[in-house]
Amino acid sequence: MFYQSTQNHPMIKKTIAPALFILLLLPFFSQAQIKLERRSLLNGKIELLVPDYFKPMTAEMMSIKYPNPGQQPNLVLTDENAEVNPVITLTHQPIGPGQMGQYKDFMISSLKRLHPDAEWLDNGVKTINGKQAGYFKLITAAVDQKVFVYYFFTSLDGKVLLFTFNCTQSLLPKWKTTADAMVASLEVK
């Protein structure tokens, strides 16, 4: 018989119980490692919680990741390996307070054409610190791996203020809760 009761093997019980306990706590420990701090960004126009060790991306790295000068974001924060990036862009696109849903639908429609194989996870419009914001989440293929992308946007001075949080799909379990906390922390001054 291949199956044997663990009653006859106390060593198995002593080994399995701690291993299961550690496996259950791994997601908690991975989230606990990311410490967030409130930062004032875009010349004090917004505040956002970001990982305390994130730094602005260097000009050299920006020119590689965003080669079109007219399409570079205002600010990209990144980790030491440039694997996780919150990106902030104040666009020239006008938007009114009641147009978040329309803009979200337009963006999703455009991205579905560009990335027909993307896996769409969630989308909607919600109020964040008294300000309407649209959002959507997807997983899309990059050159050599899949990437989780979380778009969220609101208005600033009547223009679309666009945020993008991205990380590789393999890092998503570690970063999902942090990305949600960052979005929920947005304050437009």
Side-chain angles (χ1 to χ4, degrees), residues 31 33-111 114 121-138 140 147-168 171-172 174-189:
Q31 292 302 323
Q33 295 174 355
I34 302 171
K35 182 180 175 200
L36 299 175
E37 70 179 14
R38 182 162 291 285
R39 291 202 194 160
S40 178
L41 305 166
L42 295 182
N43 297 320
K45 291 185 177 190
I46 65 167
E47 286 188 4
L48 191 68
L49 285 175
V50 296
D52 62 349
Y53 60 94
F54 274 28
K55 304 286 183 233
M57 186 175 277
T58 65
E60 180 183 4
M61 180 66 81
M62 285 270 287
S63 65
I64 293 168
K65 286 192 94 146
Y66 306 96
N68 298 332
Q71 295 177 351
Q72 288 186 338
N74 296 84
L75 177 65
V76 179
L77 300 173
T78 191
D79 64 349
E80 60 276 358
N81 300 321
E83 291 179 318
V84 181
N85 305 294
V87 180
I88 302 170
T89 307
L90 182 57
T91 71
H92 298 289
Q93 177 72 41
I95 192 165
Q99 295 179 310
M100 292 301 147
Q102 293 169 323
Y103 186 74
K104 172 191 62 78
D105 294 343
F106 167 75
M107 288 288 292
I108 289 173
S109 175
S110 298
L111 288 170
L114 289 172
L121 305 175
D122 192 15
N123 73 81
V125 175
K126 58 186 169 183
T127 302
I128 302 173
N129 294 315
K131 189 105 169 145
Q132 259 203 337
Y135 68 93
F136 51 93
K137 302 174 187 180
L138 66 138
T140 187
V147 176
F148 168 74
V149 187
Y150 189 162
Y151 286 91
F152 59 106
F153 47 89
T154 191
S155 64
L156 175 64
D157 299 330
K159 307 285 186 208
V160 174
L161 177 61
L162 177 64
F163 298 84
T164 310
F165 175 91
N166 58 66
C167 68
T168 60
L171 293 175
L172 182 56
K174 178 179 179 179
W175 285 96
K176 183 182 182 323
T177 302
T178 301
D180 289 334
M182 290 173 64
V183 171
S185 76
L186 174 64
E187 286 189 40
V188 178
K189 302 294 180 179

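Values reported hereafter were calculated over all heavy atoms of this structure, with side chains retained and with hydrogens, waters and symmetry mates removed.
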* Can you tell me how far NZ of Lys159 sits from OG1 of Thr89, rounded to the nearest 0.5 angstrom? -> 15.0 Å
* Would Val125 and Gln132 satisfy side chain to side chain contact (heavy atoms under 4.5 Å, CB included), going step by step from the backbone distance to the final call? -> CA-CA 7 Å; Val125 175; Gln132 259 203 337; 3.8 Å; yes
* To do: Could you check if a side-chain atom of Ile34 sits within less than 4.5 angstrom of a side-chain atom of Lys174, using non-hydrogen atoms only?
  => yes
* Over all heavy atoms of both residues, which pair between Thr178 and Pro51 is shortest? Give the atoms and the distance, please. => CG2-CG, 4.5 Å
* Asked: Under 3.5 Å, is there a donor-acceptor pair between the side chain of Asn85 and the main chain of Asn166?
  -> no
* Would a distance-only check, ignoring hydrogens and angles, find a side-chain to backbone donor-acceptor pair under 3.5 Å from Ser110 to Phe106? -> yes
* Residues, nucleotides or ligands: over 12 heavy atoms within 6.0 Å of Glu60 CD -> no
* Before accepting this row, confirm whether a basic side-chain N of the pair Glu37/Arg39 lies closer than 4.0 Å to the acidic partner's carboxylate O. => yes
* Asked: Given Phe136 and Val149, is the side chain to side chain contact (heavy atoms under 4.5 Å, CB included) satisfied, shown in steps?
  -> CA-CA 8 Å; Phe136 51 93; Val149 187; over 6 Å; no
* Asked: Which atom pair, heavy atoms only, marks the closest approach of Pro86 to Met182?
  -> CG-CE, 3.5 Å
* Please report the C-alpha distance between Asp180 and Tyr150 in whole Å, then the side-chain angles of each, then the deciding distance to 0.1 Å, and finally whether the side chain to side chain contact (heavy atoms under 4.5 Å, CB included) criterion is met. => CA-CA 9 Å; Asp180 289 334; Tyr150 189 162; 3.2 Å; yes
* Calculate, to the nearest 0.5 Å, the distance between atoms CG and NZ belonging to Asp52 and Lys35 respectively. => 5.5 Å
* To do: Work out which heavy atom in Cys167 is nearest to a heavy atom in Val84; give both atom names and the distance.
  => CB-CG2, 3.9 Å
* Structure fact -> Nearest heavy-atom contact between Ile46 and Ile88 is CD1-CD1, 4.1 Å
* Gap separating the OH atom of Tyr135 from the OG1 atom of Thr154, nearest 0.5 angstrom -> 14.0 Å
* Asked: Between atom NZ of Lys55 and atom CG of Leu77, what is the distance when rounded to the nearest 0.5 Å?
  -> 10.0 Å
* **Spacing of Glu187 atom CD and Leu49 atom CG [to the nearest 0.5 Å]** => 9.0 Å
* Asked: When you measure from the side chain of Lys131 to the backbone N and O of Ser155, does any donor-acceptor pair fall under 3.5 Å?
  -> yes
* Could you go step by step and tell me if Gln99 and Val160 meet the side chain to side chain contact (heavy atoms under 4.5 Å, CB included) rule? -> CA-CA 10 Å; Gln99 295 179 310; Val160 174; over 6 Å; no
* Please report the closest heavy-atom contact between Asn74 and Leu90, naming both atoms and the distance. => OD1-N, 2.7 Å
* Asked: With a cut-off of 6.0 Å (strictly less than), are more than 12 heavy atoms of other residues, nucleotides or ligands near CG of Asn43?
  -> no
* Asked: Got Leu161 and Lys45 here, is their nearest side-chain heavy-atom distance under 4.5 Å?
  -> no
* Minimum heavy-atom distance between Ala82 and Lys65, given as atom pair plus value -> O-NZ, 3.8 Å
* Could you check Lys137, Lys104, Met107 and say which one makes a side chain to side chain contact (heavy atoms under 4.5 Å, CB included) with Asn123? => Lys104
* Min side-chain heavy-atom separation Thr91-Phe153 under 4.5 Å -> no
* Output the distance between atom CZ (Phe148) and atom CG (Leu121), rounded to the nearest 0.5 Å. => 6.5 Å
